[in-house]
Amino acid sequence: MKIIAIETTCDDTAISIMEDNLIILNEKISSEKFFSDYGGIVPEIAARKHAENIIIIIKNLLNKNKIKLIDVNYVAYASEPGLVGSLHVGEILSRTISWYYNIPLIKINHIIAHCFSAFINNCDVSYPFISLIASGGTTSLFLIKNINDITTICQKKDDALGEAFDKIGRLLGLKYPGGPEIDKIFDPLKVKKIFKKQNVLEDFSFSGVKSKIVSLINFYKKQSQEIPVIELASSFQSWAIDLLIEKIQYYQKIYNVKLITIGGGVSSNSLWKKRIKEIEIPILYPQKDLCCDNAAMIAFLASEKIKNEE
Ligand code: KG4
């Protein structure tokens with residue numbers, strides 16, 4: 001069985017091929033560099049870049065004879081959630097392949113695909129598990145009892161965690177995206193207790209932390225003091241990771257689940273990877289290139305759905 005999967009939800013244009021449960025191809029072009037001057041994604045530019053990049057990727061795969069569309073049995077694409085213009089590019093290509101080659105089209109939820117990305121090239125899926133997805137657009141905790149029984153335990157009230165990393169990075173004068181930049185300058189010796197602890201039962205909220213940083217920056221400016229960039233960045237990163245650990249520990253006990261998966265761009269954070277070892281049950285995290293947006297996870301979830309229906 002061969003699946004072609006297409007991912008264009010945000011700023012990464014990606015295509016993957018899965019054959020007999022193995023990811024044999026996983027290609028991506030990111031338009032991230034076009035957004036550094038804006039400090040964030042511009043949806044109109046992202047959609048236009050997808051339209052250019054998707055042709056580059058598919059032509060490249062066809063020219064190098066890496067795929068023959070005639071041999072493909074299914075086409076899967078990330079249909080939600082995402083930027084409307086970006087989603088349309090993936091949908092149009094997927095619908096065209098499905099129509100032209102007369103093969104079934106499978107719509108995949110991008111966030112749920114992240115929940116399964118830790119199993120790719122790793123081990124078989126085993127239910128039930130809890131999944132924490134923290135990316136530029138999402139911060140959610142899911143209870144996954146099986147492929148058709150997925151409950152959101154906790155979600156974001158305002159900004160997503162990756163978005164908070166990016167906005168705080170910008171406030172501190174760091175390059176876009178702020179997540180990896182804050183991670184690079186993190187210094188555990190500079191961590192201070194600046195931010196209020198959040199109630200574990202409440203949904204995730206990161207906008208208050210951002211406001212606190214704005215007011216501290218204004219205070220330092222008024223006093224003509226240098227902004228302690230490393231201290232603020234490190235304190236934020238440490239506070240955010242404490243919150244993720246606390247949530248997972250709490251809900252793992254409540255639901256008595258013996259497996260956790262993590263995913264989304266923030267899962268490449270080095271402190272998160274280090275601290276997650278404190279949780280005393282198996283934790284699966286995706287291989288490095290599968291933490292951020294990718295099409296392999298779309299193909300993988302599509303194949304889980306097909307297996308479930310067989
Ligand atoms: O999953 P992803 O590629 O897709 C979007 O949601 O766009 O996640 C991107 C997010 C960005 O906000 C980025 O700053 C964050 O993941 N990120 C990180 C790290 N690497 C990427 N956040 C914290 N630490 C990192 N090392």
Side-chain angles (χ1 to χ4, degrees), residues 7-14 16 26 28-36 38-43 45-47 49-50 78 80-83 85-87 90 108-118 120 131-140 155-156 158-172 174-187 204 206-207 209-210 233-245 261-276 285-298:
E7 155 70 44
T8 60
T9 53
C10 193
D11 59 343
D12 293 314
T13 315
S16 178
N26 191 26
K28 162 161 125 174
I29 302 178
S30 177
S31 55
E32 189 178 89
K33 61 175 186 286
F34 295 100
F35 305 117
S36 49
Y38 301 97
I41 293 165
V42 182
I45 300 178
K49 288 290 158 198
H50 281 305
E80 59 166 342
L83 302 171
S86 296
L87 286 168
I108 295 292
N109 179 300
H110 166 90
I111 308 298
I112 303 303
H114 268 303
C115 298
F116 286 78
S117 59
I120 303 174
S131 190
L132 193 146
I133 306 304
S135 69
T138 309
T139 309
S140 295
Q155 57 198 332
K156 60 172 187 150
D158 37 61
D159 291 350
L161 181 54
E163 188 181 359
F165 264 103
D166 296 340
K167 288 180 176 170
I168 289 170
R170 187 163 65 166
L171 288 168
L172 296 176
L174 303 174
K175 269 197 324 212
Y176 174 82
E181 298 302 311
I182 290 179
D183 196 8
K184 265 185 231 157
I185 61 169
F186 175 77
D187 179 351
F204 292 105
F206 299 108
S207 63
V209 182
K210 194 183 57 194
S234 305
S235 304
F236 163 67
Q237 175 162 303
S238 168
W239 172 88
I241 302 302
D242 277 352
L243 177 65
L244 299 187
I245 299 281
T261 71
I262 62 170
V266 181
S267 51
S268 33
N269 183 273
S270 53
L271 183 65
W272 180 214
K273 283 189 164 167
K274 195 168 150 198
R275 296 274 323 275
I276 205 150
Y285 44 84
Q287 66 184 45
K288 204 164 184 269
D289 59 325
L290 301 179
C291 286
C292 291
D293 290 352
N294 65 86
M297 66 183 190
I298 305 299

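Read the numbers this way: they start at 1 and go in the same order the structure lists the ligands and their atoms. From a predicted model like this one, the values you see are computed outputs, not experimental measurements.
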Contact atoms of ligand 1, heavy-atom distance to Gly137 under 4.0 Å:
6 (O)

Identify the heavy atoms of Val209 and Ile168 that sit nearest to each other, and give their distance.
CG1-CD1, 4.1 Å

Flag Gly136 as yes when one of its N or O atoms lies below 3.5 Å from any N or O atom of ligand 1, and as no otherwise.
yes

Atoms of ligand 1 close to Cys292 [distance to a heavy atom under 4.0 angstrom, numbered from 1]
1 (O), 3 (O)

Who's the nearest protein heavy-atom neighbour of atom 24 (N) of ligand 1, and how far?
Asn269 ND2, 3.0 Å

Closest approach of Asn269 and Gln237, non-hydrogen atoms and distance?
ND2-OE1, 3.0 Å

Residue, atom name and distance, where the atom is the protein heavy atom closest to atom 12 (O) of ligand 1
Asp166 OD2, 2.7 Å

Please identify which atoms of ligand 1 are closer than 4.0 Å to at least one heavy atom of Gly264.
1 (O)

With heavy-atom distances below 4.0 Å as the criterion, list the atoms of ligand 1 near Pro177.
14 (O)

Using a 4.0 Å heavy-atom cut-off, which part of Pro180 comes near ligand 1: side chain, backbone, both, or neither?
both

For ligand 1, find out whether one of its N or O atoms is nearer than 3.5 Å to an N or O atom of Gly179.
yes

Indicate the atoms forming the closest heavy-atom contact of Asp166 with Gly179, along with that distance.
OD1-N, 3.3 Å

Just let me know how Asp183 lines up against ligand 1, side chain, backbone, both or neither, with a heavy-atom cut-off below 4.0 Å.
side chain

Hey, which atoms in ligand 1 end up nearer than 4.0 Å to a heavy atom of Gly162?
12 (O)

Is Asp293 close to ligand 1, meaning an N/O of one under 3.5 Å from an N/O of the other?
yes

Given Ser131, which partner from the list Cys115, Ser140, Ser117 fulfils the side-chain contact (heavy atoms from CB on, under 4.5 Å) test?
Cys115

Do Phe206 and Phe165 have their ring centres less than 6.0 Å from each other?
no

Test applied, side-chain contact (heavy atoms from CB on, under 4.5 Å); reference residue, Phe204; option that passes from Leu161, Thr138, Leu243:
Leu243

Min N/O separation Ile41 to ligand 1 under 3.5 Å:
no

At less than 4.0 angstrom from any non-hydrogen atom of Cys10, what atoms of ligand 1 do you find?
7 (O)

What part of Val266 sits under 4.0 Å from ligand 1 if we count only heavy atoms: the side chain, the backbone, both or neither?
both

Taking distance alone, with N or O pairs closer than 3.5 Å, would you say Asp11 contacts ligand 1?
no

How far is atom 21 (C) of ligand 1 from the closest protein heavy atom, and which atom is that?
Gly265 O, 3.4 Å

Only one of Ile111, Ile298, Asp293 passes side-chain contact (heavy atoms from CB on, under 4.5 Å) with Thr9, and that residue is Asp293

With Ser268 as reference, evaluate Pro286, Cys291, Pro180 under the side-chain contact (heavy atoms from CB on, under 4.5 Å) test and give the passing residue.
Cys291

